Asks: 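Mind looking over this structure? Questions follow.
Not measured: the values here are computed from a predicted model. For ligands, and for the atoms within them, numbers begin at 1 and follow the listed sequence.
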Amino acid sequence: MASPEFYPIDIVIMTASSAPSQANERLAAVRARLEAATRQSGRPTGDVELLAVSKIQPTEKIRALYAAGQRAFGENYVQEADGKIAELTDLPDIEWHLIGPLQSNKTRGVAETVHWVHSVDRLKIAERLSAQRPDAMPPLNVCVQVNISGEASKSGCAPDAALALIQAVNVLPRLRVRGVMGMPEPDIGEPATRAQFTLLAQLFAEAKSLVPTLDTLSMGMSDDLEIAVVCGSTMVRVGTALFGARPAQ
Ligand SMILES: *Cc1c(COP(=O)(O)O)cnc(C)c1O
């Protein structure tokens, strides 16, 4: 047993040396899963972007994953995102995505800081984001979130409202509508998960016929990214498999 004087230092050294290699290993493992799924789907390598979902994870873990080569990070909670973005301004080309529900009284800070919002589910939010996006910044990239599981508790617009919303968002001057985002109901088994991803993929195809510049189908998480890629995902949002289990809040 180390003396109390040295004990804390041991812990600091262990943490400092193991964090980067763990980030490297996890990133390599997720990239390998993504590549295998992309290849099995007959799609070109690099066809699917990886968004690292860092919600509730400490900024040191974001730094470690950034050092390993990851650039795009997704956050769910506006206040938490604000703090982390301010703390990590020294990472030059980091890209921030808001993927959690957005209330209209919180749009300004978001419009002024992030690169993407995946969770636009009504026109009022889109209009505010467009009006509040600073002129000095490039247009804000947005996805329309669709409730593909039909669960009342889930955010997202109804599937039959998605096309009209995408077209309305498409004319807002300071937004660039990129596509759609959705989440299947958890733990329903592969066939049902696939059915919900397929619904979103079909909506995406219909939307693209109306707005040809759309290029983003945001779906797939740690447990179902392979199914999402087979169904056509172009961006998977992965948290646990990259960072480990989220700390208790
Ligand atoms: C938390 C979250 C994820 C990542 O989930 P994991 O299972 O940890 O990979 C992806 N998308 C959204 C919208 C989330 O809230």
Asks: Among protein heavy atoms, which lies nearest atom 10 (C) of ligand 1, and at what distance?
Replies: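 Scanning the protein heavy atoms, the shortest distance from atom 10 (C) of ligand 1 goes to M221 SD, 3.2 Å.
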Asks: Within 45° of the six-membered ring axis of Y66 and under 6.0 Å from that ring's centre, is NZ or CZ of R71 located there?
Replies: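 Geometry flag: set, cation within 6.0 Å and 45°.
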Asks: Checking E49 against T234: is there a side-chain donor and acceptor pair closer than 3.5 Å?
Replies: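 Checked: T234/E49 side chains show no N/O donor-acceptor pair below 3.5 Å.
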Asks: Identify the closest protein heavy atom to atom 8 (O) of ligand 1: which residue and atom is it, and at what distance?
Replies: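 Nearest protein contact, heavy atoms only, for atom 8 (O) of ligand 1 is T240 OG1, 2.6 Å.
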Asks: Should R63 and D90 count as an ion pair when the cut-off is N to O under 4.0 Å?
Replies: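 Looking at D90 together with R63, the answer is yes, because their closest N to O distance falls below 4.0 Å.
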Asks: Taking 4.0 angstrom as the limit, do K84 and E80 come out as a salt bridge?
Replies: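 Counted as a salt bridge, because a side-chain N and a carboxylate O are separated by less than 4.0 Å.
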Asks: Which protein non-hydrogen atom lies closest to atom 11 (N) of ligand 1, naming both residue and atom, and how far is it?
Replies: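 Nearest neighbour among protein heavy atoms for atom 11 (N) of ligand 1, to 0.1 Å: R237 NE, 2.9 Å.
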Asks: Would you say R246 touches ligand 1, if touching means a heavy atom closer than 4.0 Å?
Replies: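 It does; at least one heavy atom falls under 4.0 Å.
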Asks: Identify whether the distance between the nearest side-chain nitrogen and carboxylate oxygen of E226 and R33 falls below 4.0 Å.
Replies: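 Yes, charged N to carboxylate O under 4.0 Å.
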Asks: Does the N or O separation between G239 and ligand 1 drop below 3.5 Å for any pair?
Replies: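 Looking only at distances, the answer is yes, because the N/O contact criterion of under 3.5 Å is met.
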Asks: Of the protein's non-hydrogen atoms, which lies at the shortest distance from atom 9 (O) of ligand 1, and what is that distance?
Replies: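 Minimum-distance protein heavy atom for atom 9 (O) of ligand 1 reads S222 OG, 2.5 Å.
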Asks: Numbering the atoms of ligand 1 from 1, which are under 4.0 Å from a heavy atom of V238?
Replies: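 Heavy-atom distances to V238 below 4.0 Å select 9 (O).
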Asks: For N76, counting its heavy atoms only, list the atoms of ligand 1 lying under 4.0 Å from any of them.
Replies: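 Answer, ordered by atom number: 14 (C), 15 (O).
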Asks: Which word best sums up how the rings of W116 and H97 line up, parallel for under 30°, tilted for 30 to 60°, or perpendicular for over 60°?
Replies: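 Plane angle under 30°, so parallel.
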Asks: In terms of residue, atom name and distance, what is the protein heavy atom nearest to atom 12 (C) of ligand 1?
Replies: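 That would be I99 CD1, 3.5 Å.
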Asks: Step through the shown structure and confirm whether more than 12 heavy atoms of other residues, nucleotides or ligands are within 6.0 Å of CG on D223.
Replies: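 Incorrect, the count does not exceed 12.
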Asks: Quick one: nearest non-hydrogen protein atom to atom 14 (C) of ligand 1, plus distance?
Replies: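 Residue, atom and distance for the closest contact: K55 NZ, 3.0 Å.
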